[in-house]
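Computed from a prediction, not measured in an experiment: that's the story for all the values here.
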Amino acid sequence: MGEFGDDKTRFADARTRKNYSGQSPITRASGRKTVVLARYASNRRLGAALHLQAYAALTGSPGARAYYDALRARKIGHHAALRQLANRLVGILHGCLKTGTLYD
């Protein structure tokens with residue numbers, strides 16, 4: 001939470017929060033070709049913390065485990081699946097902060 005800061009108006013939506021954390025990919029499309037790249041301009045400490053949070057959520061959250069297992073069943077690698085799980089957790093965090101509700 002400290003890496004995101006305490007200004008509630010800093011992130012307009014979940015997408016900007018995900019982009020800042022570096023968990024969301026960059027998709028570039030031109031004509032017939034689409035390329036998905038990793039986001040390099042990001043907060044590295046936050047990215048590492050979210051990666052560890054996603055890894056810890058695998059044992060603590062049945063929903064996170066189910067999402068991770070579904071990604072792995074689609075032949076997505078371990079770190080890519082953790083990155084997608086972290087991306088989802090950032091979206092959930094944004095919703096909780098926006099509405100003022102506790103995570104359940």
Side-chain angles (χ1 to χ4, degrees):
M1 289 299 295
E3 289 295 326
F4 279 123
D6 58 354
D7 183 11
K8 293 184 179 185
T9 61
R10 183 176 183 185
F11 301 103
D13 56 359
R15 175 178 280 174
T16 57
R17 191 178 294 269
K18 290 176 184 181
N19 290 346
Y20 175 74
S21 69
Q23 300 305 307
S24 60
I26 298 171
T27 304
R28 295 200 175 144
S30 65
R32 292 179 254 157
K33 194 173 188 179
T34 301
V35 178
V36 179
L37 303 168
R39 191 172 295 273
Y40 289 103
S42 65
N43 184 333
R44 302 257 186 226
R45 285 183 301 201
L46 178 59
L50 290 172
H51 192 80
L52 291 173
Q53 178 197 14
Y55 185 71
L58 293 179
T59 57
S61 171
R65 172 51 85 174
Y67 183 70
Y68 174 83
D69 289 341
L71 291 171
R72 294 289 289 163
R74 291 177 19 210
K75 304 288 186 212
I76 294 177
H78 170 69
H79 292 289
L82 280 181
R83 199 168 34 254
Q84 289 184 31
L85 176 59
N87 196 22
R88 176 174 264 200
L89 291 174
V90 169
I92 292 169
L93 172 69
H94 181 78
C96 290
L97 291 173
K98 185 177 179 182
T99 60
T101 58
L102 298 175
Y103 177 75
D104 185 11

What distance separates Leu85 CG from Tyr68 OH, expressed to the nearest 0.5 Å? 9.5 Å
Here the gap from Leu58 atom CG to Gln53 atom CD, rounded to the nearest 0.5 Å, amounts to 11.0 Å
Under 6.0 Å from the NE2 atom of His78, do we count more than 12 heavy atoms belonging to anything else shown? yes
Ala29 versus Thr34, closest heavy-atom pair with distance: CB-OG1, 3.9 Å
How many angstroms lie between atom CG of Leu71 and atom CZ of Arg83, to the nearest 0.5 angstrom? 11.0 Å
List the atom of Ala64, the atom of Ala57, and the distance in Å for their closest heavy-atom pair. CB-O, 3.7 Å
Do you know the tightest heavy-atom contact between Ala81 and Arg72? CB-CD, 4.2 Å
Can you tell me how far CG of Asn87 sits from CG of Leu82, rounded to the nearest 0.5 angstrom? 12.5 Å
Point-to-point distance, once rounded to the nearest 0.5 Å, from NE2 of His94 to OG1 of Thr99: 9.5 Å
